[in-house]
Enquirer: 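Quick one: the structure is below, and I'll ask about it shortly.
Computed from a predicted model, the values in this text were never measured in an experiment. Lettering follows sequence order; numbering is per chain, from 1.
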Amino acid sequence: MSEELVWRIAGGSGDGIDSTSQNFAKALMRSGLHVFTHRHYPSRIRGGHTYVEVRASTEPVRSRGDGHNFLLALGDSFARNPQEEAYYGTEEIKPLAENLDDLREGGVIVYDEGLIDVEEIPDFDERVEENDWHVYPLDLREMARDMGREVMRNTAGVGATGALLEYDLGHIEDLMADAMSGEVLETNLEILEAAYQQVDDLEFTHDLRAPEGSHEGEQVLVSGSNAIAYGALDEGCRFIAGYPMTPWTEVFTLMSQHLPEIGGISEQVEDEIAAAALAIGASHAGVKAMSGSSGGGFALMSEPLGLAEMTETPVVLVEAMRAGPSTGMPTKPEQGDLEHVLYTSQGDSNRVVFAPGNAAEAYEQTRTAFELAYDYQLPAIVLYDQKLSGELRTVDESVFDREPTPDLGSTLSEAEIAEAAHHASGKFRRFKRDPDDDGGVSPRSIPGQQGGRFLATGNEHTPEGHISEDTDNRVAQLERRLRKMDAIRDELDGRESTHQTLHEPVEGADYGILTFGSQQGTVEEAVDRLAADGHAVKSLGVSALMPFPEAEVTAFLESVDEALVVEMNGSAQFRGLIQKELGRFGPKLHSLLKYNGNPFEPGEVVEGFETIIDGDEPAPTTRFVPAAGD
Amino acid sequence: MSEELVWRIAGGSGDGIDSTSQNFAKALMRSGLHVFTHRHYPSRIRGGHTYVEVRASTEPVRSRGDGHNFLLALGDSFARNPQEEAYYGTEEIKPLAENLDDLREGGVIVYDEGLIDVEEIPDFDERVEENDWHVYPLDLREMARDMGREVMRNTAGVGATGALLEYDLGHIEDLMADAMSGEVLETNLEILEAAYQQVDDLEFTHDLRAPEGSHEGEQVLVSGSNAIAYGALDEGCRFIAGYPMTPWTEVFTLMSQHLPEIGGISEQVEDEIAAAALAIGASHAGVKAMSGSSGGGFALMSEPLGLAEMTETPVVLVEAMRAGPSTGMPTKPEQGDLEHVLYTSQGDSNRVVFAPGNAAEAYEQTRTAFELAYDYQLPAIVLYDQKLSGELRTVDESVFDREPTPDLGSTLSEAEIAEAAHHASGKFRRFKRDPDDDGGVSPRSIPGQQGGRFLATGNEHTPEGHISEDTDNRVAQLERRLRKMDAIRDELDGRESTHQTLHEPVEGADYGILTFGSQQGTVEEAVDRLAADGHAVKSLGVSALMPFPEAEVTAFLESVDEALVVEMNGSAQFRGLIQKELGRFGPKLHSLLKYNGNPFEPGEVVEGFETIIDGDEPAPTTRFVPAAGD
Amino acid sequence: MSGFNAIGSDREVEREEFTPGIEPQATWCPGCGDFGVLKALKGAMAELGRDPEEVLLVTGIGCSGKLNSYFESYGFHTIHGRSLPVARAAKLANPDLEVVAAGGDGDGYGIGGNHFMHTARENHDMTYIVFNNEIFGLTKGQTSPTSPKGHESKTQPHGSAKSPIRPLSLALTSGASYVARTAAVNPNQAQEILVEAIEHDGFAHIDFLTQCPTWNKDAKQYVPYIDVQQNDDYDFDIADRGEAAEMMQRTERSLYEGEVLTGRFYHETDRPSYGEEKREVGEMPEEPLAEQYHDDDYEWERSYDLLDTHK
Amino acid sequence: MSGFNAIGSDREVEREEFTPGIEPQATWCPGCGDFGVLKALKGAMAELGRDPEEVLLVTGIGCSGKLNSYFESYGFHTIHGRSLPVARAAKLANPDLEVVAAGGDGDGYGIGGNHFMHTARENHDMTYIVFNNEIFGLTKGQTSPTSPKGHESKTQPHGSAKSPIRPLSLALTSGASYVARTAAVNPNQAQEILVEAIEHDGFAHIDFLTQCPTWNKDAKQYVPYIDVQQNDDYDFDIADRGEAAEMMQRTERSLYEGEVLTGRFYHETDRPSYGEEKREVGEMPEEPLAEQYHDDDYEWERSYDLLDTHK
Ligand SMILES: Cc1ncc(C[n+]2csc(CCOP(=O)(O)OP(=O)(O)O)c2C)c(N)n1
Ligand SMILES: Cc1ncc(C[n+]2csc(CCOP(=O)(O)OP(=O)(O)O)c2C)c(N)n1
Ligand code: SF4
Ligand code: SF4
Ligand SMILES: [Mg+2]
Ligand SMILES: [Mg+2]
């Protein structure tokens with residue numbers, strides 16, 4: 001762990017914490033390190049405690065760490081005044097006070113003494129002593145005000161950080177030069193330099209320094225949202241309709257910025273029902289289209305989602321989970337929408353659902369979602385969460401070095417339509433009950449194509465699309481649609497690389513950890529630690545949720561004696577899914593749940609696992625639910 | 001079976017088939033018989049083939065039968081003209097042609113020869129011969145026209161039925177006198193009489209006669225929708241908001257007719273989002289309130305449903321399933337919305353779901369739904385389907401002889417509020433994190449009550465309702481809410497009569513059949529037949545779906561070697577639920593699915609069961625899915 | 001070469017080409033006003049020489065929503081209240097399509113009211129026909145947003161306490177650039193108005209009075225009707241928002257007093273359609289988006305070339 | 001005896017009674033117009049002598065939706081766009097409550113537009129405050145339905161191609177019986193208008209201009225504003241629908257030209273509220289429904305006595 005820096009910058013929202021941390025992360029990447037960030041912020045525009053953690057290491061990092069080892073506590077310019085009876089307490093000191101619990105022993109603290117009074121923090125000095133923290137109070141606000149404007153105190157903080165870590169400021173200066181110009185740039189550079197100098201003159205008591213590393217290939221710093229947007233663009237998606245909602249807004253915004261530039265269309269509409277309906281309408285008219293939302297916004301898409309299933313209109317929806325139910329905690333991650341996304345909308349589900357485990361998978365699986373949606377003519381959903389959405393990490397640039405695949409899947413050209421089956425009246429048999437190809441897919445036509453006219457309807461329908469309640473037709477159509485799910489499962493099973501990620505640092509592990517989506521990296525890190533401690537444990541990160549990878553999960557579960565299912569919700573939805581799909585293994589499946597608004601830390605998974613082995617207590621932030629019948 | 005009449009009346013929709021059959025059913029009830037009806041109709045206002053089956057027996061009947069033994073085929077006044085290329089074929093003959101497949105050997109046919117030409121029905125005479133059918137062609141239209149108006153031909157058909165069954169017309173005449181008056185009544189009575197006489201003069205070749213029976217207690221003829229509405233009224237529900245949708249409209253209409261009369265309010269609003277939101281608003285303001293819908297309408301309630309969960313606002317929603325996905329087959333029953341209703345809306349589900357098995361259970365469970373919703377402050381859903389909604393059956397009047405229970409559950413009076421916990425500012429601790437009572441319920445106040453003010457919000461919140469993202473508060477509130485589910489399960493488990501119906505005609509059965517909701521009676525009849533055939537089989541009809549009755553279902557499944565799960569959908573959702581909840585038994589659970597738009601007939605369940613035992617083929621209208629690993 | 005050769009063929013089209021071989025006879029009740037819409041639409045499309053395969057008819061759910069079962073073209077029978085968002089996206093995706101949306105008064109002014117308002121304000125280039133029978137037909141006769149106050153139905157047994165909405169005024173206030181009312185009993189006017197609406201470059205809203213003899217028996221059959229353009233008593237300028245507004249109010253009120261006023265109420269010719277506005281600001285390509293997928297020469301950008309900002 | 005003794009106490013109320021001890025300081029950004037609404041509402045309720053516990057303040061989601069976190073009364077912070085259906089049902093359930101609904105322009109005119117239209121048409125007796133900052137505040141500055149055409153935001157990088165909606169005209173067309181616009185920068189007028197709106201028996205809609213210095217920096221701060229009642233240039237009769245309509249159109253237009261017109265635009269005094277209409281036809285009890293549950297003498301009917309029709 002000595003080769004790792006976990007730098008946390010804390011302040012009020014609206015104080016520029018985000019962009020400052022992003023620059024610092026990028027600078028570290030440019031210095032040859034692997035970087036991973038974790039954002040924590042309140043549902044409030046100005047003020048309210050927020051932080052970003054930047055973890056940097058010479059080795060690849062796939063998770064936040066357990067706590068941090070460097071805290072830069074800025075002031076909160078929008079803190080509410082303390083007042084008796086007010087439940088929000090002294091907000092001004094939160095950037096320091098709220099971040100001490102997670103600070104590792106021997107960690108470094110820099111705080112803005114211009115804004116934060118440590119006297120107000122109970123037992124501050126005792127805690128510093130106890131934990132061997134190294135504290136550097138600096139009047140950052142003053143430094144910034146002296147040379148420029150108060151808001152530039154973040155820059156002073158970064159300068160101080162550089163000095164304390166003996167980290168060269170070159171990359172940071174370059175990045176500043178990219179983002180600003182003129183007087184603003186100059187003043188910032190001055191402040192940066194001055195802070196560095198001032199701190200450099202101090203006597204250091206700590207050992208922590210910025211690690212030094214180098215990359216094998218060129219790296220890019222991307223978030224899950226970037227990756228989803230890029231996956232969509234590379235698959236030829238040129239239409240998005242949406243309505244803002246945290247955290248889905250990130251993908252929507254990225255697409256809205258890119259699409260007009262490359263000849264596509266983005267529509268911000270009146271609500272999410274309309275958003276989904278527009279995506280369906282655009283897809284029907286022959287464009288690769290997407291929409292998406294979070295929680296309540298996705299709930300509003302339930303009915304259109306079913307329309308896409310019944311009319312076999314390809315569409316990709318992304319769902320960015322946040323803590324629920326209802327409005328919940330809008331800026332906090334959770335994995336509580338799993339069942340909702342799998343089953344919402346009346347009738348049997350007929351959709352694809354992927355939950356990528358990291359940015360590279362988000363790119364890859366968004367592409368696969370489009371591919372399957374357009375090949376099999378159904379909605380495909382990319383389910384992720386506030387964590388994956390915003391976390392930046394270094395990814396090999398080569399991951400994106402792929403050709404675009406803009407084709408429309410199982411769509412016919414006019415020439416092919418002319419050859420295809422028609423009703424005597426000339427109507428195209430868009431929904432053949434027994435298409436020749438396997439997989440239940442009946443190729444489609446697009447309005448405006450000659451000879452392709454048909455009726456799309458949410459009612460049960462004949463091959464030409466006309467409404468029908470004939471029992472034989474019903475059975476044939478429903479079975480054909482459901483058959484597509486089996487075909488997709490087969491297709492995915494047959495691929496070289498699956499959507500499940502097995503992590504097995506030691507051979508012959510007889511304990512397993514299962515998780516889905518964004519917790520994959522954290523679990524893997526925990527597995528590594530457990531393996532290092534001599535535990536025979538391996539993990540499976542599941543991304544394909546519907547159709548469910550029965551064979552893979554069965555094989556994994558058969559190979560272990562007991563397994564821990566790690567997920568961020570209160571009712572063990574993913575464990576429930578495994579049990580539902582496989583109908584057994586319940587007696588070997590323990591759950592480790594977390595739902596306090598923060599994602600798992602690797603240490604919590606380690607402790608949760610030890611509960612099975614040693615009967616220890618799990619971390620107090622998590623809940624352990626033993627297997628039934630144990 | 002000789003003591004059973006299954007009379008089917010068929011014609012065009014809009015031709016009064018419904019009311020005619022209802023009268024006939026009631027007459028049979030008045031004659032001392034047990035009656036059960038089954039409706040089949042298209043999603044079309046006028047024309048389109050429709051029928052109603054009235055099954056009457058000296059013994060209690062809990063299902064439709066296998067086919068019918070008396071067919072009254074009227075004309076379809078709105079039939080489309082046959083025309084080349086038209087896919088709808090000769091609609092005029094459908095009332096006869098479409099109902100022959102289900103007519104039992106030796107059955108009786110009366111058809112309107114004024115409108116139906118049997119020449120157009122392929123192999124009609126051969127089929128009659130082969131099946132030993134007894135055919136009485138009558139010009140019913142002519143009879144009606146002669147004495148009154150053409151539309152009164154239904155009456156002529158009933159008169160003919162009476163004569164052929166040697167059934168005294170007295171009750172029918174009484175019922176007509178209740179419904180009509182003046183000239184219309186007179187003409188109808190004349191036609192009835194004339195038809196009776198005319199047919200009475202014919203030579204009968206059939207043996208079938210109306211059975212004769214008598215009831216122990218007074219009977220009433222009620223549908224599932226009647227029962228749900230009565231359950232709601234008796235629990236003190238005085239507010240309903242809704243938007244029409246088949247088949248939910250029936251409950252909505254009944255409530256809209258009753259409520260104003262007894263001092264309540266019904267609101268037809270702009271859409272289902274509003275409908276659910278109104279019910280929540282009314283409940284918040286201290287009224288027992290409900291809403292409901294079917295398929296797509298319920299999908300629109302997803303987001304408000306979550307709001308009720310998070311704000312702990314009691315509300316009862318009913319969901320009337322029809323064949324999906326999307327608009328599907330609006331007038332056809334299916335049980336495909338199970339997963340949707342259990343899981344729709346983001347975040348962990350926190351709701352009660354009951355699926356009653358028959359009218360008496362619908363009454364009972366609607367009451368329980370209100371009771372639990374108001375005691376535990378959460379949404380409770382009554383999940384039923386187009387079949388249960390419209391089927392009329394004789395029920396002991398005593399079932400409804402219960403006192404109303406209008407109390408508001410865990411709601412405080414002003415005096416109690418004064419004693420209860422408050423924040424220093426005077427705000428009521430509406431959402432205490434650790435209420436003294438068990439079960440996680442924190443008693444509520446109602447706007448306008450002195451000392452009870454609080455904030456209800458869909459965001460995570462403090463005990464007073466203020467928005468909070470504090471991790472400890474989050475964990476405490478979420479766990480309290482989830483705890484309510486366990487408390488409800490315990491409460492239901494502890495009751496004398498459970499919501500599950502075990503049917504065990506022979507002791508020590510080692511085969512089981514499981515079903516949920518409206519298929520219960522059909523499965524029980526199948527079990528009786530199988531038992532009569534020497535099979536050691538029993539059934540469990542499950543009504544409590546959430547919280548799931550783990551103990552009961554586990555005990556049932558442990559007691560059998562293999563089980564068949566019978567349900568009306570394509571993806572075995574109920575079997576999936578069992579597997580999810582219990583995490584085992586998958587290897588003993590076979591599925592029998594039906595999704596052609598018609599409910600199961602007992603014979604289909606018998607055949608499906610025999611597939612397990614003898615490896616026979618299931619009925620072609622159903623799909624058998626063997627247990628995994630078999 | 002276009003991927004959509006049915007578009008813009010500009011040939012002579014017979015009205016019977018719009019009659020589907022599969023369901024030539026509609027299942028609407030005898031005497032239903034919906035037949036009138038079907039007839040007028042077939043007539044209008046033939047008059048305009050539209051090829052059935054360049055037309056996309058998007059409907060909602062209701063008796064009215066079955067229109068595209070009986071009209072031969074590309075069709076999308078969507079869900080209740082959502083025809084407009086589906087239709088307008090199709091138009092954005094392929095502006096060369098002739099897009100018509102249609103549905104009932106419940107569908108369009110009830111559950112779909114918000115889409116009506118927002119689609120009108122955006123002035124999408126399409127035609128929207130609302131079958132206004134003042135009732136929910138398909139669900140068997142409940143009060144609709146245009147049912148008159150006092151209207152009795154199964155869900156409003158004592159008569160509706162609600163004032164009806166004002167469909168024409170709402171369209172105008174929201175931003176529709178062509179607003180008309182016609183009636184099924186007036187097939188010639190209906191066809192003329194449909195032709196104008198389809199030709200209009202912007203959002204054209206037609207409130208189409210369609211009698212429902214089954215559930216709205218006591219309601220007027222919309223006769224006698226008055227064409228406000230044909231009658232000297234009504235003198236107003238359909239290009240003037242203020243005058244149009246006043247005339248609409250009067251028309252809406254008088255319907256419930258038994259006077260059926262029909263005709264054109266508003267026509268704004270210089271307002272750019274949404275597609276034009278969007279192209280103008282550079283948020284929509286010149287070539288129809290749908291054509292890109294059939295254009296072998298089209299250069300598809302890839303994300304790899306956008307990675308600079310991440311380095 | 002009533003079960004709701006906070007209602008109708010008619011005592012002297014201090015405005016500070018409406019300040020919650022839990023969150024006395026709002027978390028809105030410095031300079032946010034939302035503070036103005038809070039202040040005016042506290043003032044109005046105190047002026048009217050309403051007890052905090054007879055008030056139900058129902059909000060949507062947005063910065064604006066947090067109003068009831070900072071206003072002491074019974075509160076219901078619902079979901080985005082749905083404050084009106086929740087609020088109007090509460091009013092039907094207990095007409096003695098003082099019901100106020102509030103939310104943002106996105107909340108009320110965007111996603112909640114249909115409820116706005118239908119609640120206005122039904123003329124529910126309540127007050128509806130729309131915080132119109134011409135932006136989505138809470139989600140960080142996207143274009144809203146009242147953002148001016150050309151407005152640039154992250155989701156509309158080239159400027160919005162959409163014309164804004166007309167909030168006052170929509171309220172009027174839909175059926176609101178009291179319509180006003182005020183501004184956060186004008187606290188006296190705001191309080192006066194709120195008092196009138198609360199006292200009005202019917203649906204009172206207030207379009208409340210609330211500047212958002214964080215995301216709508218370049219937009220005007222709504223100064224200088226003109227009170228149309230105070231200024232001789234604007235002479236119209238707020239009881240006349242036609243004159244009101246014309247004045248509203250002008251007001252809506254001029255806002256985007258930099259002229260901020262505020263004041264009362266429409267006031268219809270004789271239109272019965274929905275509750276009155278519903279009682280009139282016999283579809284609503286005289287006694288508040290909510291009181292029945294606290295009335296020990298109330299006779300609860302039971303279904304057993306309704307079974308005759310089933311025999
Ligand atoms: C979400 C949803 N809610 C309700 C329904 C049921 N429904 C079908 S059509 C209809 C209304 C029909 O009235 P209208 O739109 O006026 O059409 P009409 O039948 O009169 O032509 C309703 C409520 C539905 N299909 N979907
Ligand atoms: C169904 C749904 N969609 C989207 C959101 C996200 N959301 C929260 S507030 C808001 C809009 C805020 O704008 P406005 O209503 O004008 O309120 P303001 O913040 O400006 O006061 C949005 C889109 C949500 N909470 N729920
Ligand atoms: S119910 Fe009314 S609207 Fe529907 S088809 Fe019949 S007449 Fe037409
Ligand atoms: S973002 Fe705008 S509307 Fe929201 S609190 Fe800040 S200034 Fe006010
Ligand atoms: Mg209608
Ligand atoms: Mg706003």
Enquirer: What part of C:Arg88 gets within 4.5 angstrom of chain A, counting heavy atoms only: side chain, backbone, both, or neither?
Expert: side chain
Enquirer: Can you say whether A:Ser283 sits under 4.5 Å from chain C via the side chain, the backbone, both, or neither, judging by heavy atoms?
Expert: neither
Enquirer: Does C:Glu98 reach the main-chain N or O of C:Met126 with its side chain, forming a donor-acceptor pair under 3.5 Å?
Expert: no
Enquirer: Residue by residue, scan residues 402-409 of chain A and write down, ordered by number, those that have a heavy-atom distance under 4.5 Å to chain C; if none do, write 'none'.
Expert: A:Arg402, A:Glu403, A:Pro404, A:Pro406, A:Leu408
Enquirer: Output every pair passing ring pair (Phe, Tyr, Trp, His ring centres under 6.0 Å) with a member in residues 264-286 of chain A, not counting sequence neighbours, ordered by first then second residue.
Expert: A:His284-A:Phe454, A:His284-C:Phe76
Enquirer: Does the structure place the NZ or CZ of A:Lys288 under 6.0 Å from the centre of the six-membered ring of A:Tyr374, at an angle of no more than 45° from the ring's axis?
Expert: yes
Enquirer: Using heavy-atom distances under 4.5 Å, tell me whether C:Ser73 contacts chain A through its side chain, its backbone, both, or neither.
Expert: backbone
Enquirer: The criterion is ring-ring contact (aromatic ring centres under 6.0 Å, His included); which residues satisfy it with A:Tyr243, sequence neighbours excluded?
Expert: D:His80, D:Phe136
Enquirer: In terms of heavy-atom proximity below 4.5 Å to chain A, should C:Gln292 be classed as side chain, backbone, both, or neither?
Expert: side chain
Enquirer: Check each atom of A:Ser256 against the heavy atoms of chain C and say whether the ones under 4.5 Å are side chain, backbone, both or neither.
Expert: neither
Enquirer: Need one label for A:Asn226: side chain, backbone, both or neither, based on atoms under 4.5 Å from any heavy atom in chain C.
Expert: side chain
Enquirer: Which of residues 301-309 of chain A have a heavy atom under 4.5 Å from any heavy atom of chain C?
Expert: A:Glu303, A:Pro304, A:Leu307
Enquirer: So which part of A:Arg238 gets closer than 4.5 Å to some heavy atom of chain C, the side chain, the backbone, both or neither?
Expert: both
Enquirer: So for C:Leu97, is it side chain, backbone, both, or neither that comes closer than 4.5 Å to the heavy atoms of chain A?
Expert: side chain
Enquirer: Given a strict heavy-atom distance threshold of 4.5 Å, which part of C:Glu286 is in contact with chain A: side chain, backbone, both, or neither?
Expert: neither
